[in-house]
Amino acid sequence: MSAPVVLGVETSCDETGVGLVSDGVLLGDALASSMDAHARFGGVVPEVAARAHLESMVPVVRQALEAASLDLADVDAVAVTAGPGLSTAVQVGLAAAKALAFALDRPLYGVHHLAGHAAVDVLEHGPLPPRCVALVVSGGHTSLLLLGDLARDPVVHLGDTTDDAAGEAFDKVARVLGLAYPGGPAIDAAARDGDPRAIAFPRALSRPSDPPYAFSFSGLKTAVARWVEARADAGGEVPVADVAASFQEAVADVLTRKALAACREHRVDALLLVGGVAANSRVRALAEERCAAAGIQLRVPRPRLCTDNGAMIAAVGDLLVRGGAPASGLDLAADPSAPLTGALLAGPWT
Ligand code: KG4
Ligand code: ZN
């Protein structure tokens with residue numbers, strides 16, 4: 001018998017993603033985004049995102065099946081982001097996944113969105129090592145984690161952000177600089193022509209007395225806003241490329257320094273860098289440089305798999321199915337602020 005095919009559904013933010021994975025292999029996926037509809041608001045509007053998911057869901061399921069050359073009848077299990085994320089957005093995906101699981105009479109696996117970000121690397125670089133440090137950097141989260149078997153072991157939090165997520169800082173700084181939403185890719189592009197040493201922005205929580213694996217980006221965001229304001233007040237032109245490059249350098253420096261320190265302290269020789277901000281060219285380059293110098297293997301998915309997509313949810317579902325995890329059941333509720341303790345978000349009955 002061939003390995004089970006898992007269909008994954010992702011709708012936690014503004015991307016409607018569907019992927020099909022079997023035995024660690026991506027068979028096909030499809031993505032629709034409502035990003036353009038949010039651009040003029042400078043951030044995701046939950047009701048607009050939820051409505052867009054509702055409109056895109058069936059076409060995206062069809063496209064993903066077509067890309068994989070599969071029929072719905074070939075699907076053996078359905079995995080879905082049950083949280084964290086925007087409540088109404090998560091609920092659209094969850095309802096769709098339940099409908100599919102019910103109609104096909106297949107098990108449903110409610111999964112944690114961030115576990116999906118980590119699991120997606122399996123599709124590109126093969127099975128995860130028995131232990132690794134994962135730096136999850138997205139629009140809503142910034143966490144340093146110690147991972148074992150993603151399907152079975154609890155996730156250990158080494159540190160999290162105390163205020164803004166790294167991606168949120170990119171989005172807010174982009175707004176200050178008058179760059180387009182989403183801010184991450186816009187800053188990444190603007191920084192290419194800038195000098196990362198032009199302005200010495202602060203590296204928060206970097207003193208020896210600070211918690212070693214906690215992050216804070218709110219002060220950095222304020223420092224950038226103040227610097228830009230002061231320059232504008234003095235009648236000067238704001239050097240957007242230099243500000244973008246210097247800000248990006250500060251984020252990349254803190255993220256990678258703390259991630260490497262965690263690897264060293266926990267004697268882990270593999271670092272997994274995932275989430276939307278892992279698509280950032282400077283974060284990737286600095287992580288590569290520092291991992292190479294420390295003899296640590298860096299695993300970072302290609303940029304398209306770093307930002308939200310359906311393949312990542314199918315990937316974590318595939319790990320759960322192969323690991324023999326219990327299905328979630330069709331009364332699974334959305335959990336918009338689910339803490340990351342494990343990959344599976346079980347129902348309230350367990
Ligand atoms: O993981 P993701 O797609 O969605 C969440 O789960 O939040 O991450 C989105 C975040 C946004 O804040 C976006 O600005 C940021 O990832 N991002 C980037 C880049 N591409 C996306 N940040 C920096 N550089 C990039 N190239
Ligand atoms: Zn995400």
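Computation of the quantities below employed the complete heavy-atom set of this structure, encompassing side-chain atoms and omitting hydrogens, waters and symmetry-equivalent molecules. Both counts, for ligands and for their atoms, begin at 1 and track the order of listing.
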Ion pair present between [X] and [Y], side-chain N to carboxylate O less than 4.0 angstrom?
{"X": "D29", "Y": "R304", "result": "yes"}
{"X": "D318", "Y": "R322", "result": "yes"}
{"X": "E168", "Y": "K172", "result": "yes"}
{"X": "E249", "Y": "R282", "result": "yes"}

Measuring from the heavy atoms of [X], does anything fall under 4.0 Å of ligand 1?
{"X": "H141", "result": "no"}
{"X": "G140", "result": "yes"}
{"X": "H113", "result": "yes"}

Could you tell me the residue and atom name of the protein heavy atom closest to [atom], and the distance to it rounded to 0.1 Å?
{"atom": "atom 24 (N) of ligand 1", "value": "N280 ND2, 3.0 Å"}
{"atom": "atom 2 (P) of ligand 1", "value": "D308 OD1, 3.3 Å"}
{"atom": "atom 21 (C) of ligand 1", "value": "G276 O, 3.4 Å"}
{"atom": "atom 25 (C) of ligand 1", "value": "G184 C, 3.6 Å"}

Over 60° means perpendicular and under 30° means parallel, so classify the ring planes of F217 and F215, tilted if in between.
parallel

Should the ring pair H112 and H141 be called parallel, tilted or perpendicular, given that the plane angle runs from 0 to 90° and is split at 30 and 60?
perpendicular

Identified side-chain contact (heavy atoms from CB on, under 4.5 Å) counterpart of H117 within the set V316, D308, I313:
D308

Consider every N or O of [X] and every N or O of ligand 1, then say whether any pair is closer than 3.5 Å.
{"X": "F170", "answer": "no"}
{"X": "S281", "answer": "no"}
{"X": "P182", "answer": "no"}
{"X": "D188", "answer": "yes"}
{"X": "G167", "answer": "yes"}

By number and element, which atoms of ligand 1 are closer than 4.0 Å to a non-hydrogen atom of [X]?
{"X": "H117", "result": "1 (O), 6 (O)"}
{"X": "T307", "result": "3 (O), 21 (C)"}
{"X": "G139", "result": "5 (C), 7 (O), 8 (O), 9 (C), 10 (C), 12 (O)"}

Distance-only donor-acceptor hits, side chain of residues 78-100, under 3.5 Å, sequence neighbours excluded:
from : atom 1 : to   : atom 2 : distance (Å)
T81  : OG1    : E10  : OE1    : 2.6
S87  : OG     : Q91  : NE2    : 3.0
K98  : NZ     : L330 : O      : 3.0
K98  : NZ     : L332 : O      : 2.6

To the nearest 10°, what's the angle at the Zn ion (ligand 2) between atoms OD1 (D308) and NE2 (H113)?
100°

In sequence, state the C-alpha distance, the side-chain angles, and the governing distance for D14 and S33, and then conclude on side chain to side chain donor-acceptor pair (under 3.5 Å).
CA-CA 6 Å; D14 56 351; S33 176; 4.6 Å; no

Close side-chain approach of V243 to F201, heavy-atom, < 4.5 Å:
yes

Quick check on the 6.0 Å ring-centre criterion: do F170 and F247 meet it?
yes

Is there a donor-acceptor pair under 3.5 Å between the side chain of T142 and the backbone N or O of T161?
no

Is there an N/O/S atom in H117 that lies less than 2.8 Å from the Zn ion (ligand 2)?
yes

Can you tell me which portion of D171 lies within the under-4.0 Å heavy-atom range of ligand 1? Options are side chain, backbone, both, or neither.
side chain

Quick one: does ligand 1 sit under 4.0 Å from the side chain of E15, the backbone, both or neither, non-hydrogen atoms only?
neither

